[in-house]
Amino acid sequence: MQIAEPDVARCPASKPCRNDQVPWDKFDSGAYLSKNYKTLRDDDRMIMEVVRDFFADSAKVPDARALDVGSGTNLYPVLAMLPFCDRLDLVEISASNVAWLDREIKEFSGFSATWDDFWRVYTERDEYAHFDPRVEIARKAEIWQDSVFKLPARRWDLGTMFFVACSLSTEETEFRAALHRFIGALRHGAPLAAAFMVNSTGYQVGDWVFPAVDVNAEKVEQALASVAYDVCITSIGLGADPLREGYEGMIVATGKAANQD
């Protein structure tokens with residue numbers, strides 16, 4: 001008997017949808033990369049500048065272990081942490097994205113030329129300027145397939161999670177749970193950065209429509225209040241060239257993991 005794919009992925013993104021109902025292995029990594037990261041956009045540049053300066057000023061733990069959750073085909077959060085860790089764990093739920101990450105790092109001995117313009121943004125700080133990112137990402141990166149909801153507690157010294165918590169279901173409870181699980185995986189005081197789409201109505205990747213939850217700066221701040229401190233929230237407007245329809249800008253939040261024990 002043939003089992004039908006979950007119909008939620010082809011339905012309007014506003015249809016209620018839990019994370020475990022989404023066929024993540026259908027995620028078209030190539031299409032997403034081409035749409036989002038083939039060139040460096042102004043909004044991503046602004047986010048990178050915030051995160052670059054934050055980690056350069058905050059990430060000082062010797063032999064640190066770093067975490068990036070939901071890496072997908074976006075390497076710039078990983079690159080932001082690279083000079084400040086001895087090990088870098090990339091956790092991704094989609095098998096297609098895991099395969100892309102593995103190919104990207106192995107075939108290009110670090111990463112392809114796509115990311116050179118992104119890296120140059122980081123090199124405006126001395127902490128990055130004399131650092132060989134290709135050698136270091138090939139040496140430090142470990143890729144593993146898993147869900148944010150299964151992360152172990154208090155294992156990492158710094159972390160990033162970009163455009164994940166707001167883009168894994170339509171449920172606000174899952175948005176908060178994902179954010180809390182990510183921060184709960186970090187040790188007390190660990191610097192962290194997270195990014196979000198504002199009031200997203202969902203997003204199409206190749207032939208599939210994926211869900212989102214409509215969050216804004218106030219909801220992000222409220223979700224972080226009990227799990228992080230020294231939080232700074234920066235809003236990034238749509239600008240003259242929006243990435244796609246169905247969102248109202250971006251948010252990047254930085255801070256430090258609070259003790260949740």
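All of these numbers come straight from a predicted model, not from anything done at the bench. Because only heavy atoms are used, hydrogens play no part in the values below, and waters and symmetry mates are left out as well, while side chains stay in.
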Quiz item: Does the side chain of Thr201 come within less than 4.5 Å of Asp214's, by heavy atoms?
Solution: no
Quiz item: Is any NZ, NE, NH1 or NH2 atom of the basic residue among Asp132 and Arg139 found under 4.0 Å from an Asp or Glu carboxylate oxygen of the other?
Solution: no
Quiz item: Got Phe111 and Leu79 here, is their nearest side-chain heavy-atom distance under 4.5 Å?
Solution: yes
Quiz prompt | Donor on one side chain, acceptor on other, Trp100 and Glu92, under 3.5 Å | solution = no
Quiz prompt | Approximate separation, where rounding is to 0.5 Å, of Leu179 CG and Ile183 CD1 | solution = 4.5 Å
Practice problem: Would you mind reporting whether Asp44 and Asn36 have side-chain heavy atoms less than 4.5 Å apart? | Solution: no
Self-check item: Asn259 (side chain) donor-acceptor with His188 (main chain) under 3.5 angstrom
Solution: no
Self-check item: Heavy atoms of other groups near Glu124 CD, more than 12 under 6.0 Å
Solution: yes
Quiz item: Which heavy atom of Ala138 sits nearest a heavy atom of Ile105, and at what distance?
Solution: CA-CG2, 4.2 Å
Quiz prompt | Residue that, paired with Leu67, satisfies side chain to side chain contact (heavy atoms under 4.5 Å, CB included) out of Leu90, Leu158, Leu151, Val78 | solution = Leu151
Practice problem: Please report the closest heavy-atom contact between Gly202 and Ala212, naming both atoms and the distance. | Solution: N-CB, 3.6 Å
Exercise. Give, for atom CE of Met250 and atom OG1 of Thr234, the distance between the pair rounded to the nearest 0.5 Å.
Key: 14.0 Å
Quiz prompt | Closest non-hydrogen atom pair, Thr73 against Tyr32 | solution = OG1-CD2, 3.4 Å
Quiz item: Does a side-chain heavy-atom distance below 4.5 Å link Tyr122 with Phe131?
Solution: no
Quiz item: Checking Arg181 side chain against Phe149 main chain: does a donor-acceptor pair fall under 3.5 Å?
Solution: yes
Quiz item: Yes or no on ring-ring contact (aromatic ring centres under 6.0 Å, His included) for Tyr76 and Phe162, after CA distance, side-chain angles and deciding distance?
Solution: CA-CA 9 Å; Tyr76 77 70; Phe162 276 43; 5.7 Å; yes
Quiz item: What distance separates Asp28 CG from Leu33 CG, expressed to the nearest 0.5 Å?
Solution: 10.0 Å
Practice problem: Test Phe27 against Phe210 for ring-ring contact (aromatic ring centres under 6.0 Å, His included), laying out the working first. | Solution: CA-CA 9 Å; Phe27 200 93; Phe210 290 86; 5.1 Å; yes
Quiz item: Are side-chain heavy atoms of Ile251 and Lys219 found at a separation under 4.5 Å?
Solution: no
Self-check item: Among Lys60, Arg187, Arg65, salt bridge (Lys or Arg N to Asp or Glu O under 4.0 Å) partner for Asp157
Solution: Arg187
Exercise. Take Ser200 and Arg244, measure what side chain to side chain contact (heavy atoms under 4.5 Å, CB included) needs, and give me the verdict at the end.
Key: CA-CA 10 Å; Ser200 176; Arg244 55 173 168 79; 3.5 Å; yes
Quiz item: Considering all heavy atoms of both residues, which atom of Asn97 and which atom of Ser29 are nearest to each other, and what is their separation?
Solution: OD1-OG, 2.6 Å
Quiz item: Should Ile236 and Leu238 be counted in the same cluster of Ile, Leu, Val, Met, Phe, Trp and Tyr side chains packed under 4.5 Å apart?
Solution: yes
Quiz item: Passes side chain to side chain contact (heavy atoms under 4.5 Å, CB included), Asp116 versus Arg134? Steps please.
Solution: CA-CA 10 Å; Asp116 288 344; Arg134 285 186 168 85; 2.7 Å; yes
Quiz item: Where do Cys17 and Pro211 come nearest, in terms of heavy atoms and distance?
Solution: SG-CG, 3.9 Å
Exercise. Determine whether Leu101 and Phe108 fall in the same hydrophobic cluster, where Ile, Leu, Val, Met, Phe, Trp and Tyr are linked whenever their side-chain heavy atoms lie under 4.5 Å apart.
Key: no
Quiz item: If Ile, Leu, Val, Met, Phe, Trp and Tyr residues are connected whenever their side-chain heavy atoms lie under 4.5 Å apart, and connections chain through other members, are Phe55 and Val61 in the same group?
Solution: no
Exercise. Mark yes or no for whether Ser34, through its side chain, and Gly30, through its backbone, hold a donor-acceptor pair below 3.5 Å.
Key: no
Exercise. Verify, without hydrogens or angle tests, whether Ser147 (side chain) and Ile93 (backbone) share a donor-acceptor contact under 3.5 angstrom.
Key: no
Practice problem: Return yes if a side-chain donor-acceptor contact under 3.5 Å exists between Asp25 and Ser96, otherwise no. | Solution: no
Practice problem: For the pair Trp156 (side chain) and Phe182 (backbone), establish whether a donor and an acceptor sit closer than 3.5 Å, ignoring hydrogens and angles. | Solution: no
Practice problem: Please step through side chain to side chain contact (heavy atoms under 4.5 Å, CB included) for the pair Leu168 and Glu174, ending with a clear verdict. | Solution: CA-CA 8 Å; Leu168 52 73; Glu174 289 198 313; 4.0 Å; yes
Quiz prompt | Shortest non-hydrogen separation from Glu248 to Asn199 and the atoms involved | solution = OE1-ND2, 2.9 Å
Quiz item: Is the backbone N or O of Lys140 less than 3.5 Å from a side-chain atom of Arg87, with the two atoms forming a donor-acceptor pair by type?
Solution: no
Quiz item: Can you find a heavy atom in the side chain of Leu75 that is under 4.5 Å from one in the side chain of Asp68?
Solution: no
Quiz item: Ion pair present between Arg45 and Asp117, side-chain N to carboxylate O less than 4.0 angstrom?
Solution: no
Quiz item: How many angstroms lie between atom NZ of Lys256 and atom CG of Leu224, to the nearest 0.5 angstrom?
Solution: 15.0 Å
Practice problem: Could you tell me whether the side chain of Tyr128 reaches within less than 4.5 Å of the side chain of Leu82, counting heavy atoms only? | Solution: no
Exercise. Return yes if some donor-acceptor pair links the side-chain N/O of Gln204 with the main-chain N/O of Gly206 below 3.5 Å, else return no.
Key: yes
Self-check item: Pair Val213-Phe196, side chain to side chain contact (heavy atoms under 4.5 Å, CB included): steps then yes or no
Solution: CA-CA 10 Å; Val213 62; Phe196 312 87; over 6 Å; no
Quiz item: Nearest 0.5 Å, what's the CD-CD distance between Gln222 and Glu218?
Solution: 4.5 Å
Quiz item: To the nearest 0.5 Å, how far apart are OH in Tyr247 and CE in Met197?
Solution: 5.0 Å
